[in-house]
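To start, the structure itself, in C-alpha coordinates.
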Amino acid sequence: MTKRTVILDVDTGHDDAVAIMMAGRSRTLRLDAVTVTAGNQTLDKTLRNTLNVCSALSLKVPVYPGMRGPLLRPLEPAPLIHGESGLDGPKFPECTLESRKEHAAVFLARRIMKAPAGTITVVATGPLSNIAMALLLEPSIAKRMRELVIMGGAVGWGNITPAAEYNSYADPEAARIVYASGASITLIPLDVTRTVTLTKERLAHLSRIPGKGAELFTASMTCYSAACAKYIGESASMHDPCCIAWLEKPDLFTTEKKFVSVETEGTLTRGATVVDHTGVLKKDPNARIALTIDAQRFWDLLEAALQRYQMLA
Ligand code: RIB
Ligand code: CA
(Lines give C-alpha, C1' and ligand atoms only; values in the text may rest on other atoms or scores of the structure.)
(Ligands and ions follow the chains in the order given, each with its own letter.)
Protein backbone atom coordinates (compact mmCIF):
# COMPACT_ATOMS: atom_id res chain seq x y z
CA MET A 1 0.00 0.00 0.00
CA THR A 2 1.40 3.45 -0.92
CA LYS A 3 2.13 5.50 2.15
CA ARG A 4 0.50 8.89 2.50
CA THR A 5 2.96 11.78 2.16
CA VAL A 6 2.87 14.04 5.21
CA ILE A 7 4.59 17.29 6.18
CA LEU A 8 4.52 18.09 9.90
CA ASP A 9 4.52 21.75 10.95
CA VAL A 10 5.50 21.85 14.61
CA ASP A 11 6.49 24.07 17.55
CA THR A 12 8.35 21.26 19.29
CA GLY A 13 7.35 20.97 22.62
CA HIS A 14 6.62 17.69 24.30
CA ASP A 15 3.50 16.61 22.48
CA ASP A 16 4.88 17.73 19.11
CA ALA A 17 7.81 15.39 19.78
CA VAL A 18 5.40 12.48 20.23
CA ALA A 19 3.64 13.39 16.99
CA ILE A 20 7.01 13.33 15.18
CA MET A 21 7.72 9.96 16.80
CA MET A 22 4.39 8.51 15.65
CA ALA A 23 4.74 9.83 12.10
CA GLY A 24 8.44 9.00 11.79
CA ARG A 25 7.98 5.23 11.56
CA SER A 26 4.31 5.04 10.68
CA ARG A 27 3.19 2.05 8.63
CA THR A 28 0.80 4.22 6.63
CA LEU A 29 2.44 7.66 6.52
CA ARG A 30 5.68 8.83 4.89
CA LEU A 31 7.15 11.80 6.76
CA ASP A 32 8.33 14.00 3.89
CA ALA A 33 9.62 16.97 5.91
CA VAL A 34 9.21 18.85 9.15
CA THR A 35 8.67 22.62 9.20
CA VAL A 36 9.11 24.51 12.44
CA THR A 37 7.50 27.63 13.88
CA ALA A 38 7.92 29.57 17.07
CA GLY A 39 5.23 28.80 19.62
CA ASN A 40 5.84 26.77 22.75
CA GLN A 41 9.24 28.38 22.72
CA THR A 42 11.29 30.68 20.47
CA LEU A 43 12.13 29.38 17.01
CA ASP A 44 15.77 28.76 17.91
CA LYS A 45 14.57 26.42 20.68
CA THR A 46 11.72 24.72 18.79
CA LEU A 47 14.08 24.17 15.85
CA ARG A 48 16.80 22.71 18.07
CA ASN A 49 14.23 20.47 19.79
CA THR A 50 12.93 19.23 16.44
CA LEU A 51 16.45 18.46 15.20
CA ASN A 52 17.27 16.70 18.47
CA VAL A 53 14.15 14.52 18.26
CA CYS A 54 14.77 13.60 14.61
CA SER A 55 18.43 12.86 15.38
CA ALA A 56 17.65 10.78 18.48
CA LEU A 57 15.14 8.72 16.49
CA SER A 58 17.40 8.49 13.41
CA LEU A 59 14.70 10.09 11.25
CA LYS A 60 16.27 11.16 7.98
CA VAL A 61 13.86 14.00 7.16
CA PRO A 62 14.63 17.60 6.16
CA VAL A 63 13.80 20.21 8.79
CA TYR A 64 12.96 23.79 7.74
CA PRO A 65 13.02 26.84 10.03
CA GLY A 66 9.99 29.09 9.76
CA MET A 67 8.31 31.98 11.45
CA ARG A 68 10.00 33.55 14.47
CA GLY A 69 6.63 34.70 15.74
CA PRO A 70 3.00 35.39 14.91
CA LEU A 71 2.03 37.45 11.87
CA LEU A 72 1.04 40.55 13.81
CA ARG A 73 1.59 39.92 17.50
CA PRO A 74 4.51 39.32 19.86
CA LEU A 75 5.35 35.69 20.56
CA GLU A 76 3.99 34.34 23.84
CA PRO A 77 5.86 31.07 24.56
CA ALA A 78 4.61 28.50 27.09
CA PRO A 79 7.62 27.90 29.39
CA LEU A 80 5.51 26.80 32.35
CA ILE A 81 4.38 23.69 30.51
CA HIS A 82 7.27 23.00 28.15
CA GLY A 83 10.15 24.53 30.12
CA GLU A 84 12.85 27.02 29.19
CA SER A 85 14.16 24.70 26.48
CA GLY A 86 10.69 23.97 25.17
CA LEU A 87 11.37 20.26 25.64
CA ASP A 88 12.59 19.94 29.23
CA GLY A 89 13.29 16.41 30.39
CA PRO A 90 15.18 14.46 27.72
CA LYS A 91 18.96 14.83 27.61
CA PHE A 92 20.19 14.87 24.01
CA PRO A 93 23.74 14.32 22.77
CA GLU A 94 25.34 17.05 20.64
CA CYS A 95 23.04 17.29 17.61
CA THR A 96 24.74 16.66 14.28
CA LEU A 97 21.65 17.32 12.18
CA GLU A 98 21.36 20.74 10.53
CA SER A 99 18.22 22.47 9.37
CA ARG A 100 17.78 23.46 5.73
CA LYS A 101 18.32 27.11 4.84
CA GLU A 102 15.03 27.64 2.98
CA HIS A 103 12.25 29.29 5.02
CA ALA A 104 9.49 26.86 5.98
CA ALA A 105 6.77 28.94 4.33
CA VAL A 106 8.70 29.11 1.06
CA PHE A 107 9.38 25.37 1.25
CA LEU A 108 5.71 24.57 1.91
CA ALA A 109 4.56 26.68 -1.05
CA ARG A 110 7.24 25.26 -3.37
CA ARG A 111 6.79 21.61 -2.31
CA ILE A 112 2.99 21.66 -2.54
CA MET A 113 3.02 23.45 -5.91
CA LYS A 114 5.57 21.03 -7.34
CA ALA A 115 3.86 17.84 -6.11
CA PRO A 116 0.86 16.49 -8.03
CA ALA A 117 -2.34 18.05 -6.67
CA GLY A 118 -3.89 16.16 -3.77
CA THR A 119 -0.76 14.24 -2.79
CA ILE A 120 0.59 16.26 0.16
CA THR A 121 -1.06 16.23 3.59
CA VAL A 122 0.04 18.91 6.05
CA VAL A 123 -0.33 18.45 9.82
CA ALA A 124 -0.07 21.64 11.87
CA THR A 125 0.55 21.18 15.59
CA GLY A 126 1.62 24.70 16.52
CA PRO A 127 0.50 28.26 15.83
CA LEU A 128 -0.53 28.50 12.17
CA SER A 129 2.04 31.18 11.30
CA ASN A 130 3.99 29.09 8.74
CA ILE A 131 0.82 27.76 7.10
CA ALA A 132 -0.72 31.23 6.81
CA MET A 133 2.51 32.67 5.39
CA ALA A 134 2.71 29.87 2.81
CA LEU A 135 -0.90 30.59 1.83
CA LEU A 136 -0.11 34.30 1.49
CA LEU A 137 2.86 33.43 -0.72
CA GLU A 138 0.90 30.96 -2.84
CA PRO A 139 -2.90 30.89 -2.23
CA SER A 140 -3.42 28.03 -4.67
CA ILE A 141 -1.75 25.56 -2.31
CA ALA A 142 -5.04 25.57 -0.35
CA LYS A 143 -6.75 23.44 -2.97
CA ARG A 144 -3.63 21.44 -3.84
CA MET A 145 -3.12 20.02 -0.33
CA ARG A 146 -4.85 16.65 0.08
CA GLU A 147 -5.77 17.67 3.64
CA LEU A 148 -4.68 20.13 6.31
CA VAL A 149 -4.98 18.58 9.78
CA ILE A 150 -4.83 21.12 12.57
CA MET A 151 -4.40 20.61 16.29
CA GLY A 152 -5.92 23.78 17.61
CA GLY A 153 -8.94 25.61 18.83
CA ALA A 154 -11.41 24.85 21.56
CA VAL A 155 -15.11 24.60 20.87
CA GLY A 156 -15.67 24.74 24.62
CA TRP A 157 -13.30 26.30 27.13
CA GLY A 158 -9.66 27.00 26.35
CA ASN A 159 -6.34 26.23 28.01
CA ILE A 160 -4.46 29.51 27.69
CA THR A 161 -7.53 31.68 28.36
CA PRO A 162 -11.10 30.68 29.22
CA ALA A 163 -11.98 31.24 25.55
CA ALA A 164 -8.96 30.06 23.58
CA GLU A 165 -6.62 27.13 23.00
CA TYR A 166 -2.90 28.03 22.84
CA ASN A 167 -2.16 27.52 19.12
CA SER A 168 -5.17 29.63 18.08
CA TYR A 169 -4.47 32.23 20.77
CA ALA A 170 -0.79 32.55 19.82
CA ASP A 171 -1.52 33.61 16.22
CA PRO A 172 -5.24 34.25 15.71
CA GLU A 173 -4.71 36.19 12.50
CA ALA A 174 -2.89 33.22 11.00
CA ALA A 175 -5.71 30.92 12.05
CA ARG A 176 -8.29 33.28 10.53
CA ILE A 177 -6.39 33.23 7.21
CA VAL A 178 -6.03 29.44 7.22
CA TYR A 179 -9.68 28.71 8.01
CA ALA A 180 -10.76 31.08 5.21
CA SER A 181 -8.31 29.63 2.65
CA GLY A 182 -10.53 26.94 1.15
CA ALA A 183 -8.14 24.17 2.22
CA SER A 184 -9.61 20.78 3.15
CA ILE A 185 -9.32 21.26 6.90
CA THR A 186 -9.70 18.68 9.65
CA LEU A 187 -9.67 20.38 13.04
CA ILE A 188 -8.68 18.32 16.10
CA PRO A 189 -9.68 20.69 18.91
CA LEU A 190 -8.76 20.75 22.58
CA ASP A 191 -12.20 19.33 23.44
CA VAL A 192 -11.06 16.05 21.88
CA THR A 193 -7.34 16.04 22.71
CA ARG A 194 -7.83 16.77 26.40
CA THR A 195 -9.74 13.47 26.68
CA VAL A 196 -6.53 11.54 25.84
CA THR A 197 -4.59 11.81 29.08
CA LEU A 198 -1.45 10.00 30.21
CA THR A 199 -1.81 8.30 33.58
CA LYS A 200 1.13 7.27 35.76
CA GLU A 201 0.23 3.63 35.19
CA ARG A 202 0.19 3.99 31.42
CA LEU A 203 3.49 5.90 31.43
CA ALA A 204 5.03 3.13 33.53
CA HIS A 205 3.70 0.54 31.08
CA LEU A 206 5.01 2.37 27.99
CA SER A 207 8.37 3.07 29.64
CA ARG A 208 9.04 -0.67 29.68
CA ILE A 209 9.15 -0.86 25.87
CA PRO A 210 12.79 -1.22 24.78
CA GLY A 211 14.36 1.25 22.35
CA LYS A 212 14.92 4.93 21.71
CA GLY A 213 11.28 5.74 21.07
CA ALA A 214 10.03 4.70 24.49
CA GLU A 215 13.14 6.16 26.11
CA LEU A 216 12.47 9.59 24.58
CA PHE A 217 8.74 9.30 25.25
CA THR A 218 9.34 8.48 28.92
CA ALA A 219 11.89 11.24 29.53
CA SER A 220 9.73 13.89 27.88
CA MET A 221 6.37 12.76 29.25
CA THR A 222 7.65 12.51 32.80
CA CYS A 223 8.58 16.18 32.69
CA TYR A 224 5.46 17.22 30.72
CA SER A 225 3.16 15.34 33.12
CA ALA A 226 4.71 17.01 36.15
CA ALA A 227 4.34 20.47 34.60
CA CYS A 228 0.71 19.85 33.58
CA ALA A 229 -0.14 18.63 37.07
CA LYS A 230 1.63 21.56 38.73
CA TYR A 231 0.46 24.43 36.54
CA ILE A 232 -2.91 23.42 35.09
CA GLY A 233 -3.98 20.70 37.49
CA GLU A 234 -4.50 18.26 34.64
CA SER A 235 -2.85 15.09 33.39
CA ALA A 236 -0.67 15.36 30.28
CA SER A 237 -2.89 15.43 27.20
CA MET A 238 -1.81 13.97 23.88
CA HIS A 239 -2.83 17.03 21.86
CA ASP A 240 -0.56 16.84 18.80
CA PRO A 241 -0.33 13.03 18.47
CA CYS A 242 -4.13 12.95 17.99
CA CYS A 243 -3.51 14.44 14.53
CA ILE A 244 -1.39 11.44 13.56
CA ALA A 245 -4.02 9.10 14.98
CA TRP A 246 -6.60 10.80 12.73
CA LEU A 247 -4.50 10.10 9.66
CA GLU A 248 -3.70 6.52 10.66
CA LYS A 249 -7.13 5.51 12.03
CA PRO A 250 -9.88 8.07 11.29
CA ASP A 251 -12.49 5.64 12.63
CA LEU A 252 -11.22 6.41 16.12
CA PHE A 253 -13.03 9.73 15.77
CA THR A 254 -16.48 11.12 15.27
CA THR A 255 -16.63 14.39 13.33
CA GLU A 256 -19.01 16.99 11.92
CA LYS A 257 -18.61 19.55 9.13
CA LYS A 258 -19.25 23.14 10.23
CA PHE A 259 -18.26 26.69 9.42
CA VAL A 260 -15.54 27.84 11.80
CA SER A 261 -13.48 30.98 12.25
CA VAL A 262 -11.29 32.57 14.92
CA GLU A 263 -11.77 35.75 16.93
CA THR A 264 -8.97 38.28 16.33
CA GLU A 265 -10.47 41.44 17.86
CA GLY A 266 -11.47 40.32 21.35
CA THR A 267 -9.51 40.88 24.51
CA LEU A 268 -11.17 38.20 26.64
CA THR A 269 -11.92 36.22 23.45
CA ARG A 270 -8.70 36.59 21.43
CA GLY A 271 -8.08 33.34 19.55
CA ALA A 272 -11.48 31.86 20.41
CA THR A 273 -12.66 29.26 17.89
CA VAL A 274 -16.15 30.22 16.78
CA VAL A 275 -18.14 27.28 15.34
CA ASP A 276 -21.47 27.98 13.60
CA HIS A 277 -23.29 24.97 15.06
CA THR A 278 -26.72 25.89 13.68
CA GLY A 279 -25.72 27.40 10.30
CA VAL A 280 -27.06 30.79 11.30
CA LEU A 281 -24.33 32.55 9.27
CA LYS A 282 -25.51 30.73 6.12
CA LYS A 283 -21.88 29.99 5.22
CA ASP A 284 -20.73 26.67 3.77
CA PRO A 285 -18.86 24.47 6.24
CA ASN A 286 -15.10 25.03 5.91
CA ALA A 287 -13.81 22.36 8.28
CA ARG A 288 -14.40 18.84 9.48
CA ILE A 289 -14.27 19.14 13.27
CA ALA A 290 -13.47 16.17 15.50
CA LEU A 291 -16.02 15.62 18.26
CA THR A 292 -14.78 12.47 20.05
CA ILE A 293 -11.90 9.99 20.01
CA ASP A 294 -11.64 6.38 21.22
CA ALA A 295 -8.81 7.05 23.68
CA GLN A 296 -8.05 3.38 24.37
CA ARG A 297 -7.49 2.72 20.65
CA PHE A 298 -5.31 5.85 20.50
CA TRP A 299 -3.03 4.32 23.14
CA ASP A 300 -2.88 1.09 21.15
CA LEU A 301 -1.65 3.12 18.16
CA LEU A 302 0.93 4.96 20.24
CA GLU A 303 2.24 1.76 21.81
CA ALA A 304 2.65 0.21 18.37
CA ALA A 305 4.54 3.31 17.25
CA LEU A 306 6.97 3.09 20.18
CA GLN A 307 7.52 -0.59 19.51
CA ARG A 308 8.64 0.24 15.95
CA TYR A 309 11.69 1.97 17.45
CA GLN A 310 12.77 -1.14 19.37
CA MET A 311 15.47 -1.98 16.85
CA LEU A 312 16.90 1.48 17.48
CA ALA A 313 18.92 0.59 20.54
O1 RIB B 1 -2.95 23.75 23.21
C2 RIB B 1 -2.12 22.66 22.92
C3 RIB B 1 -1.20 22.97 21.79
O4 RIB B 1 -0.37 24.10 22.10
C5 RIB B 1 -0.21 21.83 21.49
O6 RIB B 1 0.08 21.84 20.13
C7 RIB B 1 1.00 22.21 22.29
O8 RIB B 1 2.20 21.65 21.74
C9 RIB B 1 1.01 23.70 22.12
O10 RIB B 1 1.60 23.99 20.86
CA1 CA C 1 2.43 21.97 19.46
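Indexing begins at 1, ligand by ligand and atom by atom, following the structure's order.
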Nearest-contact summary for atom 9 (C) of ligand 1 - protein heavy atom, Å: Asn40 OD1, 3.2 Å

Considering non-hydrogen atoms of the protein only, which is the closest contact for atom 2 (C) of ligand 1, and what is the distance? Glu165 OE2, 3.3 Å

Determine, for Asp32 against Arg111, whether the closest basic-nitrogen to carboxylate-oxygen distance falls under 4.0 angstrom. yes

In degrees, rounded to 10 degrees, what angle do Asp11 atom OD1 and Asp16 atom OD1 make at the Ca ion (ligand 2)? 80°

For the Ca ion (ligand 2), decide whether Asn40 has an N, O or S atom at a distance under 3.0 Å. no

Close side-chain approach of Asp171 and Leu71, heavy atoms under 4.5 Å: yes

The Ca ion (ligand 2) -> Asp240, closest N, O or S atom is OD2

What I want to find out is whether Glu138 reaches Arg110 closely enough, with some N-O distance under 4.0 Å, to be called a salt bridge. no

Any Lys/Arg nitrogen of Arg176 or Glu173 sitting under 4.0 Å from an Asp/Glu carboxylate oxygen of the other? no

Heavy atoms only, cut-off 4.0 Å: how does Asn159 contact ligand 1, side chain, backbone, both, or neither? side chain

Which protein non-hydrogen atom lies closest to atom 6 (O) of ligand 1, naming both residue and atom, and how far is it? Asp240 OD1, 2.6 Å

Identity and separation of the nearest protein heavy atom to atom 4 (O) of ligand 1: Asn167 OD1, 3.2 Å

With heavy atoms under 4.0 Å as the rule, classify the contact between Ile160 and ligand 1 as side chain, backbone, both or neither. neither

State the atoms of ligand 1, each with its element, that fall below the 4.0 Å cut-off from a heavy-atom position in His239. 2 (C)

Can you tell me how the ring of Tyr224 sits relative to the ring of His14, calling it parallel under 30°, perpendicular over 60° and tilted otherwise? parallel

Hey, is the main chain of Thr161 close enough, under 3.5 Å, to the side chain of Arg270 for a donor-acceptor pair? no

Give the ring-plane orientation class for Trp299 versus Phe217, where under 30° counts as parallel, over 60° as perpendicular and anything between as tilted. perpendicular

Thr46 and Thr12: side chain donor to acceptor below 3.5 Å: no

Under 3.5 Å, N or O to N or O, is Thr125 touching ligand 1 that way? yes

Mind checking whether Asp15 contacts ligand 1 via backbone (N, CA, C, O), side chain (CB onward), both or neither, at a 4.0 Å heavy-atom cut-off? side chain

